[in-house]
Amino acid sequence: MGKKTALPMFGVGPLYVAVVIGLTAAAFLCRNLPLFASGRADRLRIPLGIAGGLLIICGIVLWMQAVLIAKIDDGIRDGELVTHGVYAWVRNPIYAAFMIACTGVILLIGNLYFLILPFVFWGFMTVLMKHTEEKWLRRTFGQPYDEYCKKVNRCIPWRRR
């Protein structure tokens with residue numbers, strides 16, 4: 001294992017969350033502008049609303065699992081690599097929770113133009129994690145972190161066999 005040092009408590013999380021929430025809020029505020037009128041999916045309102053609501057609930061549950069149940073703050077404070085609980089399903093459950101919940105809001109907006117945003121959220125998380133926290137964790141934990149990365153997805157919760 002690499003040299004142990006204190007993990008940063010927040011990492012790049014506040015930046016990621018601010019950008020994702022900001023883009024989601026911008027989409028919400030722009031949804032009725034004439035420029036986006038042709039993207040309205042009125043016929044899909046009910047299925048998009050149901051899917052959006054379910055994604056918001058999933059995002060909230062994922063966030064609660066990461067923060068309240070797995071107690072990531074304790075792991076950070078103790079300088080431990082947390083791989084149990086929801087962290088066995090996704091490496092970045094807090095960021096993923098915001099990505100999923102904001103995707104739910106995008107679906108509730110019901111404008112097809114804004115469906116590009118979930119891909120932007122995913123891409124931004126991928127680039128941000130690769131160039132910041134993942135480098136730091138790899139230097140800190142070495143091989144155990146590399147093995148963890150092989151088993152657990154970065155952004156999308158997925159249970160491997």
Side-chain angles (χ1 to χ4, degrees), residues 1-30 48 51-52 54-109 111-161:
M1 188 168 353
K3 182 178 120 186
K4 280 212 171 187
T5 58
L7 292 163
M9 187 59 77
F10 295 110
V12 294
L15 171 65
Y16 178 75
V17 170
V19 168
V20 169
I21 289 176
L23 288 172
T24 303
F28 179 80
L29 294 172
C30 294
L48 288 175
L54 289 173
L55 285 177
I56 291 169
I57 291 167
C58 287
I60 292 168
V61 169
L62 185 60
W63 182 87
M64 290 172 61
Q65 288 286 320
V67 175
L68 303 177
I69 310 257
K71 298 186 179 184
I72 186 62
D73 291 353
D74 293 346
I76 292 171
R77 213 174 349 271
D78 297 340
E80 296 174 358
L81 180 61
V82 178
T83 61
H84 62 277
V86 74
Y87 289 86
W89 289 59
V90 62
R91 293 194 312 253
N92 300 289
I94 297 171
Y95 307 147
F98 279 94
M99 178 181 70
I100 292 167
C102 287
T103 297
V105 173
I106 297 297
L107 292 178
L108 286 175
I109 289 170
N111 190 307
L112 301 178
Y113 289 135
F114 299 124
L115 293 181
I116 189 72
L117 287 176
F119 298 100
V120 171
F121 301 162
W122 171 81
F124 181 50
M125 181 193 299
T126 298
V127 169
L128 197 61
M129 293 299 104
K130 276 186 166 185
H131 295 288
T132 59
E133 291 185 14
E134 287 184 7
K135 282 184 177 182
W136 190 90
L137 289 165
R138 191 162 278 114
R139 275 194 313 268
T140 302
F141 296 107
Q143 185 64 26
Y145 182 70
D146 288 336
E147 291 301 316
Y148 173 62
C149 289
K150 289 177 186 175
K151 296 176 188 169
V152 179
N153 193 333
R154 174 184 297 117
C155 304
I156 313 261
W158 188 262
R159 183 82 171 162
R160 293 230 174 151
R161 294 179 195 169

With the side chain counted from C-beta on, respond yes when [X] and [Y] share a heavy-atom pair under 4.5 Å apart, and no when they do not.
X	Y	value
W89	V152	no
R139	Y145	no
T24	I106	yes
F114	C30	yes
R91	E134	yes
C155	T126	yes

Which residue, L108, L107, V105, forms the side-chain contact (heavy atoms from CB on, under 4.5 Å) with L55?
L107

Please round to the nearest 0.5 Å and tell me the distance separating atom [atom1] of [X] and atom [atom2] of [Y].
X	Y	atom1	atom2	value
F121	I116	CZ	CD1	10.5 Å
T103	F98	OG1	CZ	13.0 Å
Q65	Y87	CD	OH	10.5 Å
E147	F141	CD	CZ	15.0 Å
E133	Y95	CD	OH	3.5 Å
L15	T132	CG	OG1	9.0 Å

Y148 atom OH, neighbour heavy-atom count above 12 within 6.0 Å:
yes

Testing the basics here: between [X] and [Y], what is the closest heavy-atom pair and its distance to 0.1 Å?
X	Y	result
I100	G59	CG2-N, 3.9 Å
A101	I56	O-CG1, 3.5 Å
P157	L62	CG-CD2, 3.8 Å
V90	A96	CG2-CB, 4.3 Å

Give me the ring orientation class for Y16 and F124: parallel if the planes are under 30° apart, tilted from 30 to 60°, perpendicular past 60°.
parallel

